[in-house]
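Computed from a predicted structure; not experimentally measured. Just follow the structure's listing: the first ligand is 1, and inside any ligand the first atom is 1.
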Amino acid sequence: MTDCLFCRIVNKEIPSRLVYEDEKVLAFEDIKPQAPAHILIIPKKHLASLKEADENDQNLLGYLLLTARKIAQDKGLAESGFRLVINSGPDSGQEVYHLHVHLLGGRRFGWPPG
Ligand code: 5GP
Ligand code: ZN
């Protein structure tokens, strides 16, 4: 048992709408979507945020981005464009302290972000 929400999703203790899974990562739909497509890509290994990552996680971090790219392609978002977001720490608004990449697409986003 763990009290980390996303570890519990990895362990299937909490249901999610799965988009992709392999031995290293999991991707599922965000429960409160901020765009027509809003998918979270997470490592199965618990890392609280990008702050906790180090050189040993180099391959895993690259793999997260390539997985996000593949899902964007599969969902037909690659041509129109998409946005990846990694919140890290209080000022970013991070709410769940298990590293995750937001994949957002299906609408036009503003810049700078709010
Ligand atoms: P953060 O603010 O930490 O970058 O993003 C956390 C994200 O997790 C938010 O977009 C929020 O909607 C999503 N989220 C929070 N709890 C759950 C949950 O139980 N299931 C799913 N699928 N998403 C969640
Ligand atoms: Zn976790």
So if you build clusters from Ile, Leu, Val, Met, Phe, Trp, Tyr with side-chain heavy-atom gaps below 4.5 Å, do [X] and [Y] land together?
| X | Y | result |
| --- | --- | --- |
| Leu77 | Ile39 | yes |
| Leu84 | Leu26 | no |
| Leu47 | Leu103 | yes |

Number the atoms of ligand 1 from 1 as they appear, then name those within less than 4.0 Å of a heavy atom of [X], with their elements.
| X | answer |
| --- | --- |
| Phe6 | 8 (O) |
| Asn87 | 1 (P), 2 (O), 4 (O) |
| His100 | 1 (P), 3 (O), 4 (O), 5 (O), 6 (C) |
| Lys32 | 12 (O) |
| Gly93 | 2 (O) |
| Phe28 | 21 (C), 22 (N) |
| His102 | 1 (P), 4 (O), 5 (O), 7 (C), 10 (O) |
| Leu5 | 16 (N), 17 (C), 19 (O) |

Thr2 versus Cys4, closest heavy-atom pair with distance:
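Thr2 and Cys4 have their closest heavy atoms at OG1-N, 3.0 Å.
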| field | Smallest separation among heavy atoms of His46 and Tyr97, with atom names | value |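 That closest heavy-atom pairing would be CE1-O, 3.3 Å.
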Considering non-hydrogen atoms of the protein only, which is the closest contact for [atom], and what is the distance?
| atom | result |
| --- | --- |
| atom 22 (N) of ligand 1 | Glu29 O, 2.9 Å |
| atom 12 (O) of ligand 1 | Asp30 OD1, 2.5 Å |
| atom 18 (C) of ligand 1 | Ile31 CD1, 3.9 Å |

Q) How many degrees, to 10°, between Cys4 SG and Cys7 SG as seen from the Zn ion (ligand 2)? A)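 That angle is 120°.
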Using modelled atom types only, decide if a donor and an acceptor are shared between the side chain of [X] and the backbone of [Y] within a distance under 3.5 Å.
| X | Y | result |
| --- | --- | --- |
| Asp54 | Asn56 | yes |
| His98 | Pro43 | yes |
| Lys44 | Glu21 | no |
| Arg69 | Ala78 | no |
| Gln34 | Lys32 | yes |
| Gln94 | Ala48 | yes |

Once you restrict to heavy atoms under 4.0 Å, what part of Gln34 touches ligand 1? Side chain, backbone, both or neither.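 It is neither; nothing of Gln34 touches ligand 1.
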Should the proximity of Ile14 to ligand 1, defined as any heavy atom under 4.0 Å, be assigned to the side chain, the backbone, both, or neither?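 Contact part for Ile14 vs ligand 1: neither.
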**Distance-only N or O hit between ligand 1 and Glu95, under 3.5 Å** =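 So ligand 1 has an N or O lying under 3.5 Å from an N or O of Glu95.
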Problem - Name of whichever N/O/S atom of His46 is nearest to the Zn ion (ligand 2) - result: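 The nearest such atom is ND1.
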| the Zn ion (ligand 2) - name of the N/O/S atom of His98 that sits closest to it |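 This residue's closest N, O or S atom turns out to be ND1.
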